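Written below as structure tokens is the structure these notes are about.
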Number of protein chains: 2
Amino acid sequence: MPNIRDIAKRAGVSVTTVSRVMNDHPYVKEEKRERVLSAMKELKYTRNIQAVHLAKGYSNMLGIVLPTIDHSYFSGIVTGIAEKAQECGMHFALFQTGYDPLKEKEALMSLKEQRVDGLIFCSNALSDRDILKWQESGPIIFCHPTPHDPCSSVSIAHDQAFKEALEHLAACGHERIAIVLARTEGENSQVRIQTYQEMMRSLGQDIDDEWVIEGKLTIFDGKQLFTEWKEMKNRPTALLITNDDVSAGFLLEAQRHQINVGESPAILGFQNDQLSEALGISSIDIPLKQMGQEAFDLFKQALQGEAPEKRVLSYRLVERTTTILKNNR
Amino acid sequence: MPNIRDIAKRAGVSVTTVSRVMNDHPYVKEEKRERVLSAMKELKYTRNIQAVHLAKGYSNMLGIVLPTIDHSYFSGIVTGIAEKAQECGMHFALFQTGYDPLKEKEALMSLKEQRVDGLIFCSNALSDRDILKWQESGPIIFCHPTPHDPCSSVSIAHDQAFKEALEHLAACGHERIAIVLARTEGENSQVRIQTYQEMMRSLGQDIDDEWVIEGKLTIFDGKQLFTEWKEMKNRPTALLITNDDVSAGFLLEAQRHQINVGESPAILGFQNDQLSEALGISSIDIPLKQMGQEAFDLFKQALQGEAPEKRVLSYRLVERTTTILKNNR
DNA sequence: ATGAAAGCGCTAACAT
DNA sequence: ATGTTAGCGCTTTCAT
């Protein structure tokens, strides 16, 4: 592989001039520029991007941290990030953690080593605060609400959405409501559980321990959830499920058992992807792609030294067939 | 950020010694090693990975080329690759092309620029041959059969699987069979169409132009496919669908129209993911994760200078409810 | 065992 | 406008 010196020699100019040509600097005489360009063509020259990065002090590479790419929630966010990144000619690497804090630490190490210029966390097992300690090495963006920390984040108003979801189920006449959480929530799940408890109190409904269900993420988990639901002694009449792959699994398994979902059990999901639409699942729509795009925006802003910013995106309740309003409003 | 020279100074040794400590070289006196290590700790030193890469001449980074990550087929492969990559401490970047040859070229450029050490193509719009011209810059692995080129690839025996799928539909008593292809196939789709034509000939069945359908990839496409199917004048009684998201969309839309899928129409999918299982779709199982793993294997092999290798993985037909055998075998 | 010094390939400040 | 040169931070050869 020829390097910049070979080109300079061949074109009869200095390396600086070659560098100038490559970086579109002004002050290069047309004639020399041409000589350089044809030398590059003749030798099939390509710059060594690593050398560029070392000299410039950045990597032009973004790290995306997520538990797994094999789930539509995360691939939805990544799609949004990727779109924007591509526009700026920025590349990105994926760090799959499987919710393992050690893997998250490795991603943070990659930031410190300058393998990446910044990180977007789509989900984290480590606490936000622990992660933010690494900010001095580069921008860090979260994809969940971060009310208590000075940092950039983008998300929907999870608590509010969660509350509205519960209210919807209540408006459908349900009092015995269960909630199903993924492991994604981390710090937020406490808030959710609290919101849930308050709502149930206001409905005058005691909560059965079985009604707070955690660790459900996939279609398979959803199928299993249905089975668990069927076997509960104190069966809830409605389930608020924070991920639609799980809702889908639940619904499909119910259908297989000839059980009609809508009146009871009712289910209300979160995410609203193609699948929920195809299955007619009532769901809180989360604009994942937009989240990704704005996360990237925030990242770029941070790179340019702007102050942290928190963006809250709007969500909306999409009523379909798995919840049925009472008293036709 | 302190650099290796700062550490050397602080520890009272040469940079070489520091480098030796970092790279676990022998021939470093225990005492000096300790001094170096504690100097690193005190200054919170981290190596600059870009400098390491420039000096060593590689990037420790793999590029994965795919149309979109937001589809279970591709995220399945990536999951397999990622698993193996993580084991070797190798990182990876995603190149999303949207089937755009120009984007593929950019990925190839990244290989030449040494941003990545190699590329795994999960799908390509450019011809295999065009892509392989870039091999001198680093290993390139394909995830589809490449019988005619000297290169590494891993895949199932697509043609054979396709043929077996058609035979299965024939064994179910179907003669009016349509095929539905994604855009993924590229060069392979010609072969498939040929296989299809032969099979239909042997069934003594003329092919309607409407029976070869291309460009279907998502659940939404599948729903649309159902609508198109319903409106055909010369309606096929079975559809061979090369992607299960499409099958799922078709099935769900059929159910919404109270149409029972199984006898007629029958559908047979490819991929067999959680969704096809949950919906009871008959499908040719493709071991995506394994494909990813082996693709990475081949990549590592190639890095080590081994000769190209083609691996063919086994598939299997999973019969569920959307195809029903005649004459109970 | 240890260190000096010459790379790796590029950028950019400075001089002209 | 163009060139000289000193970096960027690390590895590695060669000498001691």
Side-chain angles (χ1 to χ4, degrees), chain A residues 1-37 39-40 43-61 89 109-117 137-138, chain B residues 1-37 39-40 43-61 89 109-117 137-138:
Chain A
M1 286 280 89
N3 62 24
I4 196 174
R5 264 182 295 271
D6 299 325
I7 303 300
K9 212 168 293 170
R10 176 108 179 188
V13 300
S14 74
V15 292
T16 314
T17 302
V18 178
S19 175
R20 288 208 175 99
V21 170
M22 292 198 287
N23 295 286
D24 289 320
H25 274 282
Y27 304 137
V28 182
K29 214 186 258 169
E30 195 49 33
E31 182 230 330
K32 298 210 173 183
R33 150 171 279 111
E34 309 246 305
R35 287 224 306 275
V36 169
L37 288 174
M40 299 207 293
L43 300 183
K44 296 189 183 177
Y45 172 77
T46 309
R47 70 189 164 169
N48 178 321
I49 202 74
Q50 314 214 53
V52 176
H53 291 331
L54 175 59
K56 296 217 187 202
Y58 58 67
S59 67
N60 202 33
M61 185 106 180
M109 257 325 246
S110 281
L111 178 61
K112 182 137 196 261
E113 293 182 318
Q114 303 178 51
R115 187 193 307 279
V116 295
D117 295 333
S137 301
Chain B
M1 286 281 90
N3 63 24
I4 195 174
R5 264 182 295 272
D6 299 324
I7 303 300
K9 212 169 290 169
R10 178 110 178 186
V13 299
S14 73
V15 293
T16 315
T17 302
V18 178
S19 176
R20 287 208 175 98
V21 171
M22 293 199 289
N23 295 287
D24 290 319
H25 275 281
Y27 304 137
V28 182
K29 216 185 255 166
E30 195 49 32
E31 183 228 330
K32 298 210 174 186
R33 152 171 278 110
E34 308 247 304
R35 287 225 305 274
V36 168
L37 288 174
M40 299 207 293
L43 299 182
K44 298 189 181 172
Y45 172 78
T46 309
R47 69 187 166 170
N48 179 321
I49 202 76
Q50 313 212 54
V52 176
H53 291 331
L54 174 59
K56 296 214 187 201
Y58 59 69
S59 66
N60 202 32
M61 184 104 182
M109 256 324 245
S110 281
L111 177 61
K112 182 136 194 261
E113 292 182 320
Q114 303 180 51
R115 186 192 309 279
V116 296
D117 295 333
S137 301

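If you're wondering where the values come from, they're calculated on a predicted model, not measured in any experiment.
If you find the closest nucleotide of DNA chain C to B:Ala55 and to B:Val13, the one lying nearer the 5' end belongs to B:Val13.
What separates NZ of B:Lys29 from P of C:dG3 is a distance of 10 Å, to the nearest Å. Per the geometry, CZ belonging to B:Arg115 stands 17 Å off P belonging to C:dG9, to the nearest Å. Atom CD1 of A:Ile7 and atom C1' of C:dG9 are 12 Å apart (whole Å). The distance between atom NZ of A:Lys9 and atom P of C:dG9, rounded to the nearest whole Å, is 12 Å. In this structure, B:Arg35 atom CZ and C:dT2 atom C1' are separated by 12 Å, rounded to whole Å. Whole-Å rounding puts the B:Arg5 CZ to C:dG3 P distance at 15 Å. At whole-Å resolution of the value, NE2 in B:His25 and C1' in C:dG3 are 14 Å apart. In this entry the distance linking CD1 of A:Ile4 with C1' of D:dT5 reads 14 Å, nearest Å.
Picking from C:dT11, D:dT11, C:dT2 the nucleotide with the shortest atom distance to the side chain of B:Lys56 gives D:dT11. Here C:dA4 is the nucleotide among C:dC10, C:dA12, C:dA4 with the atom lying nearest to any side-chain atom of B:Thr16. For B:Arg20, the side-chain atoms get nearest to C:dT2 when compared with the rest of C:dC10, D:dT11, C:dT2. Out of C:dG9, D:dT11, C:dT11, the shortest distance to the side chain of B:Leu54 is found at C:dG9. Among the nucleotides C:dC10, D:dT2, D:dT11, the one closest to any side-chain atom of B:Met22 is D:dT11. Among the nucleotides C:dC8, C:dG3, D:dT5, the one closest to the side chain of B:Lys32 is C:dG3.
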Exercise for the section: Before giving the answer on side chain to side chain contact (heavy atoms under 4.5 Å, CB included), spell out for A:Met1 and A:Asn48 the whole-Å C-alpha distance, their side-chain angles and the decisive distance to 0.1 Å. Expected result: CA-CA 9 Å; A:Met1 286 280 89; A:Asn48 178 321; over 6 Å; no
Practice task
Give the C-alpha distance, both sets of side-chain angles, the deciding distance and a yes or no for side chain to side chain contact (heavy atoms under 4.5 Å, CB included) between B:Met22 and B:Tyr45.
Solution key: CA-CA 11 Å; B:Met22 293 199 289; B:Tyr45 172 78; 3.5 Å; yes
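B:Thr17 comes within contact range of the sugar-phosphate backbone alone, with a heavy-atom separation under 4.0 Å but no base atom that close. Note on B:Val18: nothing from the nucleic acid sits closer than 4.0 angstrom, heavy atoms only. Here B:Tyr45 lies in heavy-atom contact (under 4.0 Å) with sugar-phosphate atoms only. Note on B:Arg47: only backbone sugar-phosphate atoms sit closer than 4.0 angstrom, heavy atoms only; bases stay farther off.
A donor-acceptor pair is defined here as one N or O able to donate and one able to accept, closer than 3.5 Å; no such pair exists between the side chain of B:Asn23 and the backbone of B:His25. In terms of modelled atom types and a separation under 3.5 Å, the side chain of B:Thr46 and the main chain of A:Glu113 share no donor-acceptor contact. Distance alone, capped at 3.5 Å, is enough to place a donor-acceptor pair between the A:Gln50 side chain and the B:Tyr58 backbone. A donor-acceptor pair is defined here as one N or O able to donate and one able to accept, closer than 3.5 Å; no such pair exists between the side chain of A:Asp6 and the backbone of A:Lys9.
For C:dT2, the OP1/OP2 oxygens have no side-chain nitrogen or oxygen of B:Ser14 closer than 4.0 Å. For C:dT11, one of the phosphate oxygens OP1 or OP2 lies less than 4.0 angstrom from a side-chain nitrogen or oxygen of A:Asn23. Remark: A:Asn48 is not in phosphate contact with C:dG9, judged by side-chain N or O atoms under 4.0 Å from OP1 or OP2.
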